[in-house]
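Input: a single structure, listed below in structure tokens.
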Amino acid sequence: MSGVKVGVVGAGYVGLTTAVCLAERGLDTACVDLDAAKVDRLNAGDPVIDEPGLPLLLRSGLAARKLCFDTDYAALADCDVVFVCVPTPSGADGAADLRAVESAVDTLGRVLTAPAVVALKSTVPVGTTRRMAARLRDRGLSVASIPEFLRESHAIYDFRNPDRVVIGSETPRAAALLRQVYGVGSQRTFEMSPESAELAKYASNAFLAVKLSYANSLARLCAHAGADIADVTRCMGADVRIGGHFLQPGPGWGGSCLPKDTAALLHAGRDAGVDLPEVAAARTTNDVQAERIASTLQRLLPDALPDARITALGLTFKANTTDVRDSPALRVCGGLTAAGAQVSGYDPRLGSIDPATLHRCGVVGVDDPYVATKGANAIVVLTEWSQFRDLDWPSIAEQAPGAVVLDTRNLLSRDAIAGTGLRYLGNGTVGGY
Ligand code: UDX
Ligand code: UDX
């Protein structure tokens, strides 16, 4: 693929992963980000975010001079294709805020040379790609949609082993160039209109949210019915029409994508006069998860929630990341502190979490799990960090006698807790909550 030069705008989870993986494929890759401090750190080989495999790829890309970072769009001037990976957060009404995408596209329109391709990886509402294409048509540039499906903490793996590469383009030349850049076999490359590609991304994330909320509601029913959610979902997942992924109950789903993408899809539906009650219900179910945990603790703690000492184990939105954006764990903590509880929080990556974020939820961060759990009335497992299984639970029991352990992720072994004097409750399990 010699001679093809690629660019990336936005060195976040999506853009940085894309840039280092394209450089690994031997492509000359320039990445632009408006954050000068981040650009300096990346050029010095500091990956900034925590993503398995990223440090090695970043450093080898820089060493091989296949990869560079800049704040100036001029670095992208001779690119054949530029991937736009800037955020599209939820606006007040749930609609995606497209200002960063529009600004990136307009700036690219001024620096790129025809017939370069602008490829939108940012999650954008249906119609955005075509609208951006109209802006750049006079300059001989084309715009395609190539939505990103990678998961944080598996981003490099997902880039190298995609289930599907979706290319939404009206221009055969642009589609061919993107196919070439990705180099993925035709069986996993899905070509379609920009509108279908844009909607496919929202549809996928919303479906995952629906599946998760269904699992969380079923867990609730299991606890009342004396059934075990693990058995129920194991059985469901064995049916290939259902599939076993995304059936693990928890404290609710979060992160930087599922909440904003479900909101944006509902907003798009409203604009089009199409209700999506399944997606609305998934969000409603998710909204009550934190309350469900608070009311369970209210019921179990003899002295009730105000003044109870509660330890949150796990603060990130899922394990193996430092990301706390829209973290269900913090939502739960915020609800507990609002009810008057004193909440201390431990997370294996506490040092990478902005203390101001914890402060806003009223959580006192403690960087030792044994100190964090000392004297607790309740210990709530909120993120599925595997190392929580290996804690010395008998020691914890000695320092927090009789404490309730609420395992929202069903991570711990009931047997390991049994006999220590702690009261274990799983999520949707027999004897659980
Ligand atoms: C991406 C987006 O593609 C989003 O639409 C999708 O839904 C999820 O993935 P993400 O990679 O998570 O977002 O964003 P983030 O980690 O916040 O990084 C964005 C980067 O873009 C930051 O480094 C920021 O400095 C940079 N940025 C932002 C720009 O360079 N220009 C801007 O105008 C705005
Ligand atoms: C998601 C999509 O999976 C990815 O395809 C998309 O491109 C970006 O958004 P990510 O935000 O990294 O990825 O997180 P994901 O792994 O999907 O988890 C989302 C939330 O669901 C987390 O809070 C996680 O803890 C929760 N979850 C996930 C469960 O509670 N149970 C599960 O079985 C799976």
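Values below: all heavy atoms of this structure, side chains included; hydrogens, waters and symmetry mates excluded. Read the numbers this way: they start at 1 and go in the same order the structure lists the ligands and their atoms. Nothing here was measured: the structure is a model prediction, and the numbers come from that model.
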Are [X] and ligand 2 in contact, using a heavy-atom cut-off of under 4.0 Å?
{"X": "R409", "value": "yes"}
{"X": "C257", "value": "yes"}
{"X": "S256", "value": "no"}
{"X": "H154", "value": "no"}

Which of the atoms in ligand 2, numbered in the order shown and given with their element, are less than 4.0 Å from a heavy-atom of [X]?
{"X": "E152", "value": "12 (O)"}
{"X": "L258", "value": "1 (C), 9 (O), 19 (C)"}
{"X": "L247", "value": "33 (O)"}
{"X": "L208", "value": "3 (O)"}

With the threshold set at 4.0 Å, does a side-chain nitrogen-carboxylate oxygen contact exist between [X] and [Y]?
{"X": "D28", "Y": "K5", "value": "no"}
{"X": "E152", "Y": "R325", "value": "yes"}
{"X": "R135", "Y": "D106", "value": "yes"}

Nearest non-hydrogen contact with [atom] belongs to which option: [options]?
{"atom": "atom 32 (C) of ligand 1", "options": "V8, V84, L34", "result": "L34"}
{"atom": "atom 15 (P) of ligand 1", "options": "E102, E148, R325", "result": "R325"}
{"atom": "atom 2 (C) of ligand 1", "options": "L150, V86, T88", "result": "V86"}
{"atom": "atom 10 (P) of ligand 2", "options": "K318, K121, Q289", "result": "K318"}
{"atom": "atom 13 (O) of ligand 1", "options": "S122, A264, P87", "result": "P87"}

In terms of atom number and element, which parts of ligand 1 are under 4.0 angstrom from non-hydrogen atoms of [X]?
{"X": "D33", "answer": "20 (C), 21 (O), 22 (C), 23 (O), 24 (C), 25 (O), 26 (C), 30 (O)"}
{"X": "K260", "answer": "6 (C), 7 (O)"}
{"X": "K38", "answer": "22 (C), 23 (O)"}

For a 4.5 angstrom cut-off between non-hydrogen side-chain atoms, does T88 reach V101?
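Heavy-atom side-chain distance check passes, below 4.5 Å.
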Contacts of D326 that satisfy salt bridge (charged side-chain N to carboxylate O under 4.0 Å, His left out) - sequence neighbours left out:
R331
I'd like to know whether Q289 forms a side chain to side chain contact (heavy atoms under 4.5 Å, CB included) with N216, so could you lay out the CA-CA distance, the side-chain angles of the two residues, the decisive distance to 0.1 Å, and finally the verdict.
CA-CA 8 Å; Q289 292 309 306; N216 283 327; 3.9 Å; yes
Please indicate whether any nitrogen or oxygen in [X] is less than 3.5 Å from any nitrogen or oxygen in ligand 1.
{"X": "D261", "answer": "no"}
{"X": "V14", "answer": "yes"}
{"X": "K201", "answer": "no"}

Sequence neighbours excluded - ring pair (Phe, Tyr, Trp, His ring centres under 6.0 Å) pairs with any residue from residues 144-163:
F159-Y182
Using distance alone, decide if ligand 2 has a nitrogen or oxygen within less than 3.5 Å of any nitrogen or oxygen in G252.
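Min N/O separation from ligand 2 is not below 3.5 Å for G252.
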Quick one: does Q248 get an N or O within less than 3.5 Å of an N or O on ligand 2?
yes
Does Q187 have more than 12 heavy atoms from other residues, nucleotides or ligands lying within 6.0 Å of its CD?
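Counting neighbours around CD of Q187, 12 or fewer heavy atoms of other residues, nucleotides or ligands fall under 6.0 Å, so no.
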